[in-house]
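Convention: sequence-line order gives letters A, B, ...; per-chain numbering from 1. For the numbers below, each heavy atom of this structure counts, side chains included, while hydrogens, waters and symmetry mates do not.
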2 protein chains.
Amino acid sequence: MSHVGYRCLMAVDREQVLRSAAILLTRKSTATMDEVARAAGLSRATLHRHFAGRDALVRALESLGIAECEAALAAARTDEGPAAEAVRRLVRAMEPSAGLLAFLYTENQLFEGEEQNEGWARIDAGLTELFRRGQESGEFRIDLTPAWLTEALYGLLASGAWAVAEGRVARNDFTHMIVELLLGGALRREEP
Amino acid sequence: MSHVGYRCLMAVDREQVLRSAAILLTRKSTATMDEVARAAGLSRATLHRHFAGRDALVRALESLGIAECEAALAAARTDEGPAAEAVRRLVRAMEPSAGLLAFLYTENQLFEGEEQNEGWARIDAGLTELFRRGQESGEFRIDLTPAWLTEALYGLLASGAWAVAEGRVARNDFTHMIVELLLGGALRREEP
DNA sequence: CCCACATGAGACATTCTTGTCTCATGCCGG
DNA sequence: CCGGCATGAGACAAGAATGTCTCATGTGGG
């Protein structure tokens, strides 16, 4: 098993690098490759050995974000039970990825090219389908389109991630804040 | 009135330049000074004559955004009538500025320095006060903090602006989508 | 008619980032 | 103990963006 042996030499964990890059880029989306490398605890040269360039790094982050979104969609079993409960499970499952998604959401460079990652289309379809199911079952109102609810979910995840990062809301309240606002809104319910 | 006379020579309308810059930067936040100049229909040299540099341009956009927000806050008379109606008037008044706000919202460079424009604090205070008033009057639920509602309003304005810009939601539905989601949420109300 | 002034075009140096390269170091396995 | 390999440090060139400059142009007002 020689190919396993030299893994002990690999002090660089690709996944770990992407995570720290996501944290930094969420806070400062224009961070340089050098800053990303320092944040990950390695040199710029080594960072370049693992990711051909800044573009490749962003693409890798995109793939990571897509993978985490799809995992969250699967874990939340969005096609089972009441749609409202499914949304709650989904937001909870996406919470750890919120920072990364906030970065990708504002990286509009990813979406201006004609060849955008098809993963987003699959995720959008999953989210849209969930909201559409909720409308058909009578749980959700029909004057808010599934497309807008999907967009709003992205926006609230990003806002929540930033608000938590800057200490304006408590991290523990993240899921509650987003789910309750997305589903129930700010108005008090008359009936208990 | 010599100082009025040469105004006729000023083909460059500072306000107009800022508007076109806002539109471009909302779509591509990394646009160069040259691109901004072209979008405004003038040369890079002239753009530099009116705004000392890119930083000054962004600062001017920030001032414009703050001014428009404060104007919207004043126009919406957020201290009069039901808080829910005040929120509706406010979102309607902020709609034209949503694109600019979306750009400023993601320009975190504006907020990392210790000397951030005090205008944001005033606007935050106005918004927070509105949501707090709604809570005290019993209109709004109390488990969603005014700080979070303020943050969510920013996020939804940005999401709405992008969704409209990319054609995912109709421009005419902008205010309705945001206000209804922010106040009422996605769930159907039981009582009419 | 002529002058003042704003503009456009472009040259230029500077700075920053990127991408690639080389070389020395250190550590693990054999 | 020794060789291979990943890493760190740094040099280097290429490219892009910025900021500043000069000069020519055209237009409007006096």
Does the pair B/Glu62/B/Arg59 count as a salt bridge with the N-to-O cut at 4.0 Å? yes
For salt bridge (Lys or Arg N to Asp or Glu O under 4.0 Å), just list the numbers for A/Arg132 and A/Glu129, CA-CA rounded to whole Å, side-chain angles, deciding distance to a tenth of an Å, and then say yes or no. CA-CA 5 Å; A/Arg132 192 201 57 75; A/Glu129 168 58 23; 2.8 Å; yes
Atom-to-atom span, CG of A/Leu42 to C1' of D/dT7 - whole angstrom: 9 Å
Between P on C/dG19 and CG on A/Asp55, what's the gap in Å once rounded to a whole number? 8 Å
With clusters defined by side-chain heavy atoms of hydrophobic residues (ILVMFWY) lying less than 4.5 Å apart, directly or transitively, does A/Leu156 cluster with B/Leu187? yes
Given atom CZ of B/Phe51 and atom P of C/dA6, what is their separation to the nearest angstrom? 16 Å
Does any donor-acceptor pair link the side chain of B/Arg54 with the base of D/dG19 at a separation under 3.5 Å? no
Distance check needed: C/dT7 P versus B/Arg38 CZ, whole Å only. 15 Å
Here the distance between atom P of C/dT17 and atom CG of A/Leu25, to the nearest Å, is 14 Å
Can you tell whether the side chains of B/Glu180 and B/Arg88 come within less than 4.0 Å, N to carboxylate O? yes
When the distance from CG of B/Leu47 to C1' of C/dA9 is rounded to whole Å, what number comes out? 15 Å
So which one's nearest nucleotide on DNA chain D is more toward 5', A/Ser43 or B/Thr30? A/Ser43
For the pair made of CE in B/Met33 and P in D/dT20, what is the distance, rounded to whole Å? 10 Å
Could a donor-acceptor pair under 3.5 angstrom be found where the side chain of B/Arg44 meets the base of C/dG10? no
Using only modelled atom types and a 3.5 angstrom limit, is any donor from either the side chain of A/Arg49 or the base of C/dG19 paired with an acceptor on the other? no
B/Asp34 has an atom CG; how far is it from atom P of C/dA9, in whole Å? 10 Å
Presence of salt bridge, A/Arg27 and A/Glu35, under 4.0 angstrom: no
At less than 4.0 Å, is any side-chain N or O atom of B/His50 found next to OP1 or OP2 of C/dT7? Yes or no. yes
Testing C/dG10, C/dT17, D/dT18 for proximity to the side chain of B/His48, the answer is D/dT18
